[in-house]
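Any value given below was found using the heavy atoms of this structure, including those in side chains, with hydrogens, waters and symmetry copies removed. Naming: A, B, ... by sequence-line order, numbering from 1 per chain.
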There are 2 protein chains.
Amino acid sequence: MSTAAPTASAMPRRARTQAQKTARRQAILDVADAYFRESGFEAFSMAELAKRAGVAKGTLYLYFETREEVLLALYVELLDDWRQAFCVGLAGALDDEAFVRLFFDTSRADPAFLTVVSRMDSVIEHNVSREKLIESKRALAATLERIFDEAAGSLRLPPEKAAETIRALAFLVLGASQLDKGPALEEMNLPEDVRAFATSFSSESIFLPNALRIIAGIRSGN
Amino acid sequence: MSTAAPTASAMPRRARTQAQKTARRQAILDVADAYFRESGFEAFSMAELAKRAGVAKGTLYLYFETREEVLLALYVELLDDWRQAFCVGLAGALDDEAFVRLFFDTSRADPAFLTVVSRMDSVIEHNVSREKLIESKRALAATLERIFDEAAGSLRLPPEKAAETIRALAFLVLGASQLDKGPALEEMNLPEDVRAFATSFSSESIFLPNALRIIAGIRSGN
DNA sequence: TAATATAGCTGACCTTCGGTCATTTACCAA
DNA sequence: TTGGTAAATGACCGAAGGTCAGCTATATTA
């Protein structure tokens, strides 16, 4: 549908300066973001992305070495979006329960987020160059650092304890994204016993209490 | 290499009885297991599996509807292997720390285990029939039930508390399998800051203390 | 303004993948 | 010995990620 033309009419057909190249890469990434939300991970195809971005497939490969690199770049953006949403929610003092709830809800709010995060493993291990991997790791580390800071303030914990808390909650929420197939299985009309089994792994019923136990443990100095 | 012939010379070229079909399916699955450990998830190809199993590709599809179904079947087997190893380790009374350590070590002992589990999401959501999904879910539920029982005995917790504990540890260990890219990144010779970032998510340093915090919380009645 | 050089862009093409199905043939029963 | 049945086969298909020789938009120069 929308044939590019994001910012202004200032985009020439060929990106010759570094700034233009950066802008074009970002434009592709914006299209990729929207397309990903529609297609999901497995169905995300480079040919279709090219079509939607209004460029030839080969052009994509001038801006991204592989499909995985596109998804990795998407991941970096999504984590920063997560951070922003989380920090907004942190405004005002929260008790531990509200904190945990916010962490959970923020992760769930953007369906694309957990979809990408839960597949990082397959993405980064294969088919991303060392350089791009390092670059994205640094970006992720920086974003996390900001999250740690905000969390420390809200939780009134020393920085290292706050970082430990966030890392633990990240483990939990990722496990949740793997095992909790609730939403995806809803529509399959499963037998009662199978449904009960799936429900016993609903992330809400596991993430929240255990996240609280972890914070309690950290507060009490293990 | 080894061209089938698992049990005896009793395998005819065509599997006509139900027992023979089951045996052939299992033989393929055994080859798949070995091949998977060599190839990893992404590189696991049906054509290569057929070659190694000594059958035509079409034959695979008489025994498995899709590639994903093969991997799902593999998962069911791997979880039961995990259970066995875990239960062996549970012999004798363990304190909470040893229990957590055993859970962790057992998960790490078989590299194929976390590789498969951490991708179940992508596997089951797409491309497995409702029937096969139900079948495997039931098998997984049964295996987990046995794990719960054993854990309840070792932890001296009521069954429901033990189940809650295992589910929480499962979340943690899965999160770990996602975020802890330590081993995979070892060989990339990363810069120090990136390496430090990766190390901060090493599953050992996060899984163990937080698993203990969770158990402590459960013991104290939340 | 016209000619030239540079490099961004293109899409036909390659390989490989998961999956299908008309055909072949191993096996058993009559 | 001789069908009849169905397990096994592998050529084939569409779609995927990725490549690259050639095309052309643009900046530079005269």
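Summarising the geometry, the separation between CZ on B:R14 and P on C:dA26 is reported as 6 Å, rounded to the nearest angstrom. Summarising the geometry, the separation between CG on A:L62 and C1' on D:dA25 is reported as 15 Å, rounded to the nearest angstrom. For the pair B:E42 CD and D:dG17 P, the computed distance is 14 Å after rounding to whole Å. Summarising the geometry, the separation between CG on B:L60 and C1' on D:dT9 is reported as 12 Å, rounded to the nearest angstrom. Rounded to whole Å, atom P of D:dA8 lies 13 Å from atom CZ of B:F64. For the pair A:Y63 OH and C:dT10 C1', the interatomic distance rounds to 13 Å; values are reported in whole Å. Distance, A:F44 CZ to D:dA16 C1': 13 Å, rounded to whole Å. The CG-P distance, from A:L49 to D:dA16, rounds to 12 Å in whole Å.
Comparing C:dG18, D:dG17, C:dC27 against the side chain of A:M46 picks out D:dG17 as the nearest. Between D:dT9, D:dA8, C:dT10, one nucleotide has an atom nearer to the side chain of A:T59 than all others, and that is C:dT10. Comparing atom distances between the A:V55 side chain and each of D:dG17, C:dC9, C:dT10 picks out C:dT10 as nearest. In this structure, of C:dC27, D:dA25, C:dG19, it is D:dA25 that holds the atom nearest to the side chain of A:R16. Ranking C:dG8, D:dA8, C:dG19 by closeness to the A:A15 side chain, first place goes to C:dG8.
Test A:I28, A:V70, A:L74 against A:D33 for side-chain contact (heavy atoms from CB on, under 4.5 Å) and you get one pass: A:L74.
Between the side chains of A:S203 and A:R108, at least one donor N or O lies within less than 3.5 Å of an accepting N or O.
Close to D:dA7, at under 4.0 Å from its OP1 or OP2, lies a side-chain N or O of B:K21. Side-chain N/O atoms of B:R67 include one lying less than 4.0 angstrom from OP1 or OP2 on C:dG18.
Using modelled atom types, no side-chain atom of A:R83 and backbone atom of A:R146 make a donor-acceptor pair closer than 3.5 Å. Under the 3.5 Å distance criterion, the side-chain polar atoms of A:T106 are matched with a main-chain donor or acceptor of A:L102.
Between B:G58 and A:A56, the one whose closest nucleotide on DNA chain C sits nearer the 5' end is A:A56. When each of B:Y61 and B:R13 is assigned the nucleotide of DNA chain C bearing its nearest heavy atom, the one mapping closer to the 5' terminus is B:Y61.
For B:E68 and B:R119, the salt-bridge test fails: no basic side-chain N is under 4.0 Å from an acidic carboxylate O.
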